[in-house]
Q: 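Structure provided below as structure tokens; questions to follow.
When reading the values below, keep in mind they use all heavy atoms of this one structure, side chains included, and skip hydrogens, waters and symmetry mates.
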Protein chains: 4
Amino acid sequence: MPTKKKPLAPVAAPARRRELLDKAANVFAAVGYTATTVRRIADDAGMLAGSLYYYFESKDAMLEEILRTFLDELWEAYDAVLDAGLSPRVTFEALVVESFRAIDRHRPAVEIYQNEAKQLVAQDRFLFLDASQTKFEKAWLSTLERGVAVKEFRADLDTRVTYRFVRDTVWVAASWYRPNGRYSPEEIARQYLSMVLDGIAVRDEQQAHAEPHTRSRT
Amino acid sequence: MPTKKKPLAPVAAPARRRELLDKAANVFAAVGYTATTVRRIADDAGMLAGSLYYYFESKDAMLEEILRTFLDELWEAYDAVLDAGLSPRVTFEALVVESFRAIDRHRPAVEIYQNEAKQLVAQDRFLFLDASQTKFEKAWLSTLERGVAVKEFRADLDTRVTYRFVRDTVWVAASWYRPNGRYSPEEIARQYLSMVLDGIAVRDEQQAHAEPHTRSRT
Amino acid sequence: MPTKKKPLAPVAAPARRRELLDKAANVFAAVGYTATTVRRIADDAGMLAGSLYYYFESKDAMLEEILRTFLDELWEAYDAVLDAGLSPRVTFEALVVESFRAIDRHRPAVEIYQNEAKQLVAQDRFLFLDASQTKFEKAWLSTLERGVAVKEFRADLDTRVTYRFVRDTVWVAASWYRPNGRYSPEEIARQYLSMVLDGIAVRDEQQAHAEPHTRSRT
Amino acid sequence: MPTKKKPLAPVAAPARRRELLDKAANVFAAVGYTATTVRRIADDAGMLAGSLYYYFESKDAMLEEILRTFLDELWEAYDAVLDAGLSPRVTFEALVVESFRAIDRHRPAVEIYQNEAKQLVAQDRFLFLDASQTKFEKAWLSTLERGVAVKEFRADLDTRVTYRFVRDTVWVAASWYRPNGRYSPEEIARQYLSMVLDGIAVRDEQQAHAEPHTRSRT
DNA sequence: TATGAATGAGCATTCATTCAT
DNA sequence: AATGAATGAATGCTCATTCAT
């Protein structure tokens, strides 16, 4: 998406661009997009606020590029999984793993996405977020539904509600996950899958517990 | 909670205050705190921006009152559960139910909390969020640990990771839950508990699946 | 100056008016007119800001009345002195004494006058300050000039410059004079007159000192 | 005197800063600090209000710099005088001369000081005004007391009252003195000293007048 | 490549004032 | 005689953005 009226960064210098976007993403994630000043980003990059406009059209444009880059890479991985012809359960597991890998590689972008997407979709510039969201929902929901159909997933769950729970469960991890921390993305994924697939309760023969006591509370 | 010098809304008129806080909370939740202008709140309330200051000291003060009100009510419910001497699993279930009830009653406040808490704790005025957070973690974590001890919860899960998983999943529901929607908070809680306690996978199959395929991927 | 459109204080209740003006004058003097909020005055008077408008047309109107009252009383005393047919020197002394008495009785008003008059005269409402100022200058200047003419005052002083020094000398005392303090207004006047009339230097026969060393500095 | 985070006017461009402070000082002096809007200062400088913040942290910061610059220069001159080992009377004369020179060079700052100092000292930022005030009083008072001790000044005057008298008279001159007017600062100082040291009354007359008529009035 | 200086729109907040009760 | 609630204009200040150099 080169040149409009101003020349902008001469297409070259993409390394510096990436570097700047990286700084920006970290600040956006840490402070929130609205609360982040262009000056703050420039400070982090060791330049003056105005100088950023040599590389980017606007603050919004920086945000857009950060999110696009993240989503492009995410979908590459997702599409590979979805096109692999795996069983629903294995697909489910693979999607979770890829999600944690995306968090690992694009933590700031994921956090920004989580915090800001809702407001952003109101702007034309960020309509692509909506498209991604829709595609995302379709991928997960159909995986769940196929799983129910082939009896890999329980039939008594509302798939839409389950979808939301699972989706949030995965992505919210970006708020506390730290790359190079105790667990690799694959290990975190394993734990998550263990919980989501098999539950946290100890299994036993009597079904008593299967029906939580909430019923009597309503 | 009386104020410094200004009498402000003469202590009476608490109805109007609550009404205004309600409008404010909805805007804060929908648009984000920083992005919300007091003009916007005033517009929604049918008054001029300056008039809000008859009732509230500042925009921050509104936010504080919104969050305090929510947390106060949440802790009343939580404390009742925690002091009831229930088994870990029943405690867990009850906490989940109360959480969804809080979301039902204070959805905007919960959403604000989710989105803004991280930035807010840097301000003295919002240190109480940190205190609440700590107490919250203690309550959940100890419930999980007690559950593991008495073999109501699986011993092979990292309790801290499980805690985050549960915490996030529950509260993130505020972003999509709509009061008066299809499900009551208790019904949502039931579905959630069903998933979290027992997993979404169909049981009593071969144990092969218990070990997800991720291992072979790293 | 009764009623314009609004009834205002029913002409009666002049005691309450005076009380309120007194509070107002003290705040104006202490904090400065612009920096004084109507709310602050009302607080001091134990009422709400809006309630002041039952008694006064506006904040400006309060200020006007405070200054008018002061100047009216000052001129009554000044006129008595000026009309008494006294010698220039005795007139001078009497004017100084009356000035300190005015400070004693209207300290806040004097302070306000000192601080604000310059800005106020730009407004029509306060043109009377200019008139008073002119009359004031005439009274003092002519006294000084008459004194020079009859050789009661030194002929080698620039009367305009001397006028300004004397004028300021007297009135600036309002900034530190405290009624009921160590000195009565008459005693302060005596000290001031002693300095201004006879100087603070010890008198001696040689005139050497009469010519300060500043000449060699220019 | 570097600033917190913002580099502000990149340390260079001190000429523009001084120019702007000059405009600001004139407005502060003419209109009063509180009554001065930053828009007004910006107008005078031919820029927009917000642009001032490229050079200065705040309106307060401008005021501070104006007053500090003035006081720094004043104390340089005062200290030179005080350290010169002059007799009390010559010290007195020299301090007066330096005061009028300061008025000549920093008239707006002096006027601002006169009008605003009392309110400003309440703020931490302006505590240095208090320090200067204390040092100032010590310098003048000790000069007067030394003068009394060596019989250069009359012993029958209250030195504190005399101090205030002299202090006020000198500085209030800033309200009417106009640089490039009829008199140089040295000439004004000469006239002032003539009055204050020797009095305005014609000497060697009968002593009857030495005791003003006030006594009979109390 | 970047800076320095400025813009202009917008923001939270203050405050004198109004007026029905 | 005073209150409670609101107005509306102004204020100090911030910030994304521009552009000549």
Q: I'd like to know if D/R39 reaches the base of F/dG12 with its side chain, counting only an N/O donor and acceptor under 3.5 Å.
A: yes
Q: To the nearest Å, how far apart are D/E57 CD and F/dC15 P?
A: 13 Å
Q: Taking CG from D/D43 and P from F/dG12, how many angstroms apart are they, rounded to a whole number?
A: 12 Å
Q: Atom CE of B/M47 to atom C1' of E/dT13: distance rounded to whole Å?
A: 15 Å
Q: Distance check needed: E/dT18 C1' versus C/K59 NZ, whole Å only.
A: 17 Å
Q: Among A/L21, A/L67, A/I66, A/N115, which one satisfies side chain to side chain contact (heavy atoms under 4.5 Å, CB included) with A/F28?
A: A/I66
Q: So what does D/T34 hit on the nucleic acid, given a heavy-atom distance under 4.0 Å: a base, only sugar-phosphate, or nothing?
A: nothing
Q: Does C/R16 come within less than 4.0 Å of C/E19, counting only side-chain N to carboxylate O?
A: yes
Q: Please report, rounded to the nearest Å, how far the C1' atom of E/dA5 is from the CD atom of D/E19.
A: 13 Å
Q: Quick one: are C/F56 and C/R17 in side-chain contact, heavy atoms under 4.5 Å?
A: yes
Q: Testing D/I112, D/L63, D/V27 for side chain to side chain contact (heavy atoms under 4.5 Å, CB included) with D/T36, which one passes?
A: D/V27
Q: Taking the side chain of D/Y54 as heavy atoms from C-beta outward, which of E/dG4, F/dC13, E/dT3 is closest to it?
A: E/dG4
Q: OP1 or OP2 of E/dT7 less than 4.0 angstrom from a side-chain nitrogen or oxygen of D/S51, does that happen here?
A: yes
Q: Report the residue (B/L20 or A/G50) whose heavy-atom-nearest nucleotide on DNA chain F is the more 5′ of the two.
A: B/L20
Q: Atom CG of B/L48 and atom C1' of E/dC11: how far apart are they, to the nearest Å?
A: 15 Å
Q: Could you tell me how far apart B/D60 (CG) and E/dC11 (P) are, to the nearest whole angstrom?
A: 16 Å
Q: At under 4.0 Å, does any side-chain N or O of A/Y53 touch on OP1 or OP2 of F/dT18?
A: no
Q: Represent DNA chain F in dot-bracket notation, 5' to 3'. Only Watson-Crick or G-U wobble pairs with both distances under 3.5 Å count; pseudoknot-style crossings use [ ] and interstrand partners use |.
A: .||||||||||||||||||||
Q: So that I can tick it off, tell me whether B/R40 and B/D44 are bridged by a salt bridge, with the cut-off set at under 4.0 angstrom between side-chain N and carboxylate O.
A: yes
Q: Nearest-nucleotide wise, let me know which of D/Y55 and A/L52 is further upstream toward the 5' end of DNA chain E.
A: A/L52
Q: At less than 4.0 Å, is any side-chain N or O atom of D/R40 found next to OP1 or OP2 of F/dT11? Yes or no.
A: no
Q: One thing to verify: whether C/R18 and C/D22 come together as a salt bridge, which I'm taking to mean a side-chain N less than 4.0 angstrom from a carboxylate O.
A: no
Q: Could you tell me how the ring of A/Y113 sits relative to the ring of A/F70: parallel (under 30°), tilted (30 to 60°) or perpendicular (over 60°)?
A: perpendicular
Q: In whole Å, what is the span from the CG atom of D/L63 to the C1' atom of F/dG12?
A: 14 Å
Q: With nearest nucleotides of DNA chain E determined for C/T37 and B/A49 from heavy-atom distances, which residue corresponds to the more 5′ nucleotide?
A: B/A49
